[in-house]
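Letters A, B, ... are given to chains in the order of the sequence lines, protein chains preceding strands, and every chain is numbered from 1. Bear in mind the structure is a predicted one, so any value in this text is a computation, not a measurement.
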Amino acid sequence: MHALVTKADDNPHLANTLITSYIKLGRIDYGHKLFFNLSTPIVVSYTALISAYAKCNREDEAIKLWFEVASMKSFGGMVGHQIHAHALKVGLEMNLSVNNALIGFYTKCGSVDDLVAVYEGMRAKDVITLTGMISGYMEFGMVESAVEVFDQIPGRNCISYNALLTGFCQNGEGLRALLMFREMVEDHMEISDFTLTSVVKACAVLTEKEISRQIHGFVIKCGCGSTAWIDAALLDMCTKCGRMEEAQKMFGQWSHIQSRSVVWTSIICGYAQNGQPDEAISLFCKMQADGDGTVDEVASTAVLGVCGTLGFYEMGKQIHCNILKSGFLSDLCLGNGVISMYGKCGNMEDAIKLFNLMPKHDIVSWNSLIASHLLHRQGEEALVVWLNMEKVGIKPDSVTFVLILSAYRYTMSSSVNTCRGLFYSMRSRYGIEPTSYHYSSMVGVLGYWGCFEEAEELIKELPFDPDASIWRALLDSCRLRSNTTLGRQVAKHLLAIKPQDPSTYILVSNLYSASGRWHCSDRVRNEMREKGLRKHPSRSWVIYQNKIHSFYARDKYHLQTKDIYSGLDILILECMKIGYEPDTSFVLHEVEEHQKQDFLLYHSAKLAVTYGILMIGLGRPVRVVKNIHLCGDCHTFFKYVSVVTGKEISLRDASGFHCFKNGECSCGDYW
DNA sequence: CTAGGGTTAG
């Protein structure tokens, strides 16, 4: 029987047979040992062991085991609470190891209150208790409490240090983690694989290219040998610090890393975050095709995010189907990812349906639903979700408020009062400190409804110096409401803060062109060019047959360029017949008059929409995504196109969705 | 008692 043990490693069912056999032979210790060497034991193994322990009066061991089962994601917290009650019943409330297990359990499945209650009720505490509490507090974001506990530990070991280090990283405190590490080195603490993994992660959190290089060198020089854990962390660090070439190189070389799914996910996210989402998608396809690594919850969540960014609806839906088939819908992040994918791909119905089907929601689930409504400019619906949250007693977080405040752009102007009230009650009623994001949202709402004086007042009252995001919000409102006088002042502030950011100049230039001041608009653009700054080119794309068909203005790279241009010419003529007049004011002033129409009529969005109309079958909407704001002429044009073709056009730009149908747009012509 | 990749907003 012992001979079979080596084969049991990657076969949990064989392992289970062995475990039960050992138990029958009266050798629980062998079964126990085998069990703990398995990376993924099956649940019946837990049960078998627990009953075995229960039979030989090892209640404490049994309870400890049960906590591990209860901490597993799929079991939720239900079982753990029952076991806690059971432990109290059998008089184990002062048992040190059971209480330590409880701390671990409530860290993973419970609330801070439960955790603290156990901790404070304990008479005897050891290093394990205190280290557990460090992790516990860190898990709930209570960094300072964790540090306090750490300072109290009399005989701190390297595990306590590591727990603190990991916790810092978890809470985005990369710098503190690095300082801590220096302290460890100076104190001659033992530097283990755990320590190094955390240090590398700290660099990933900091996203500083130079520091990441230094630590990278140190870790390699450290000579502790590379382990799969450290290598995976190094690779991930490179993707987070914009060192994609190196990450890619490691990825090709390190086939020894056990869990390939992890590095696949790292590298896919890396491309997504470094502005190459299409590369991320094709890598994902390769991952599936090669079968190198399982597409698990985490990989799926990551790819769903990319699908949302690109509007890859079909693929997103496919991933959702695969999730349903494999049955791991219990993962909250994954569910949230699906909601926001549907939201970003224009399918509000499915986003709502899934939200209602999910057995559990966290704050991100609620926020995702609200965010999706906002993307569709559904202010009232967003507020209904907010009301439901309050009814159910969900505590909003900082993100919720950024969203809810913005929702008042899409409601009636009279509700600005409600919005204002909400803003001022954030701190007092909800205990959430307004940050510059909240001020930006508020300024955006006030500006949207033309309350410029109040918006200015609000900025004057700021408890900190206004940053670029606040001026941007105000400037964009000035564009929307053609308030050039104020806009000019705002532009000055913004240019003073962000003189190197091309988007600043575009924003200012758009302000002038919106009110017909072409010379000013051109002057700003020239200024930008003289500084050697170039704007992100405007780009639009359509997903067709799982491929991205991307267009720049007047580009002729697409294989079907001829068909697209002649199709577009026909569309233009048809639209002109029913009243469309190209509005050349949306073309830069400096362009020669006779070229203006060319510049205008072949904007990237027009090319993409035409391609969609040519390719997408009857009865299905044309879905287009554009990286920046849609111009006014394209907007007018698409309204006509929806009439002459009878098709529904759903276009997502930087402001949200425009749904063109029967000559109207869902944005109400303000965006 | 300490380890890896993921979701919302800007």
Compare the minimum distances between each of [options] and the side chain of [X], then state the nucleotide with the smallest one.
{"X": "A:A302", "options": "B:dG6, B:dT8, B:dG4", "result": "B:dG6"}
{"X": "A:V364", "options": "B:dT2, B:dT7, B:dA9", "result": "B:dT7"}
{"X": "A:S368", "options": "B:dG6, B:dG10, B:dT8", "result": "B:dT8"}
{"X": "A:I159", "options": "B:dA9, B:dC1, B:dA3", "result": "B:dC1"}
{"X": "A:N367", "options": "B:dT8, B:dG4, B:dT2", "result": "B:dT8"}
{"X": "A:D236", "options": "B:dG5, B:dC1, B:dA9", "result": "B:dG5"}
{"X": "A:K201", "options": "B:dA3, B:dG5, B:dA9", "result": "B:dG5"}
{"X": "A:T131", "options": "B:dG10, B:dG5, B:dC1", "result": "B:dC1"}
{"X": "A:C333", "options": "B:dT7, B:dG10, B:dT2", "result": "B:dT7"}

Grab the two heavy atoms, one from A:M250 and one from A:C238, that are nearest each other, plus how far apart they are.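 Nearest heavy atoms, A:M250 then A:C238: CE-SG, 3.4 Å.
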Measure centre to centre between the rings of A:F105 and A:H84, then say whether the value is under 6.0 Å.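 No, ring centres 6.0 Å or more apart.
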For the aromatic rings, using the six-membered ring if either is Trp, is the centroid distance between A:F423 and A:Y439 under 6.0 Å?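 Yes; A:Y439 has its ring centre under 6.0 Å from that of A:F423.
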Whole-Å gap separating [atom2] ([N]) and [atom1] ([X]):
{"X": "A:I191", "N": "B:dA3", "atom1": "CD1", "atom2": "C1'", "value": "15 Å"}
{"X": "A:K344", "N": "B:dT8", "atom1": "NZ", "atom2": "P", "value": "5 Å"}
{"X": "A:W254", "N": "B:dG5", "atom1": "CH2", "atom2": "P", "value": "15 Å"}
{"X": "A:H438", "N": "B:dG10", "atom1": "NE2", "atom2": "P", "value": "11 Å"}
{"X": "A:I268", "N": "B:dG6", "atom1": "CD1", "atom2": "P", "value": "11 Å"}
{"X": "A:W229", "N": "B:dG4", "atom1": "CH2", "atom2": "P", "value": "6 Å"}
{"X": "A:M426", "N": "B:dA9", "atom1": "CE", "atom2": "C1'", "value": "12 Å"}
{"X": "A:L334", "N": "B:dG6", "atom1": "CG", "atom2": "P", "value": "14 Å"}

Reckon A:K108 has a side-chain N or O less than 4.0 Å from the OP1 or OP2 of B:dC1?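 No, A:K108 has no side-chain N/O under 4.0 Å of OP1/OP2 on B:dC1.
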Aromatic ring pairing A:W386/A:F401, orientation class (parallel under 30°, perpendicular over 60°, tilted between):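 A:W386 vs A:F401 ring planes: perpendicular.
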Confirm from the modelled atom types if [X] and [N] form a donor-acceptor pair under 3.5 Å, side chain to base only.
{"X": "A:D231", "N": "B:dG4", "answer": "no"}
{"X": "A:T301", "N": "B:dG6", "answer": "yes"}
{"X": "A:N336", "N": "B:dG6", "answer": "no"}

Taking any heavy-atom pair under 4.0 Å as a contact, classify A:S198: base, sugar-phosphate, or nothing.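 Counting heavy atoms under 4.0 Å across all strands, no contact is made by A:S198.
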Classify the nucleic acid contact of A:S469 as base, sugar-phosphate or nothing, counting any heavy atom under 4.0 Å across all strands shown. nothing
Face-on cation placement of A:R377 at A:F657 ring, 6.0 Å and 45° thresholds: no
Pair A:R156 + A:D187: basic N to acidic O under 4.0 Å: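 Result for this pair is no, no salt bridge flagged.
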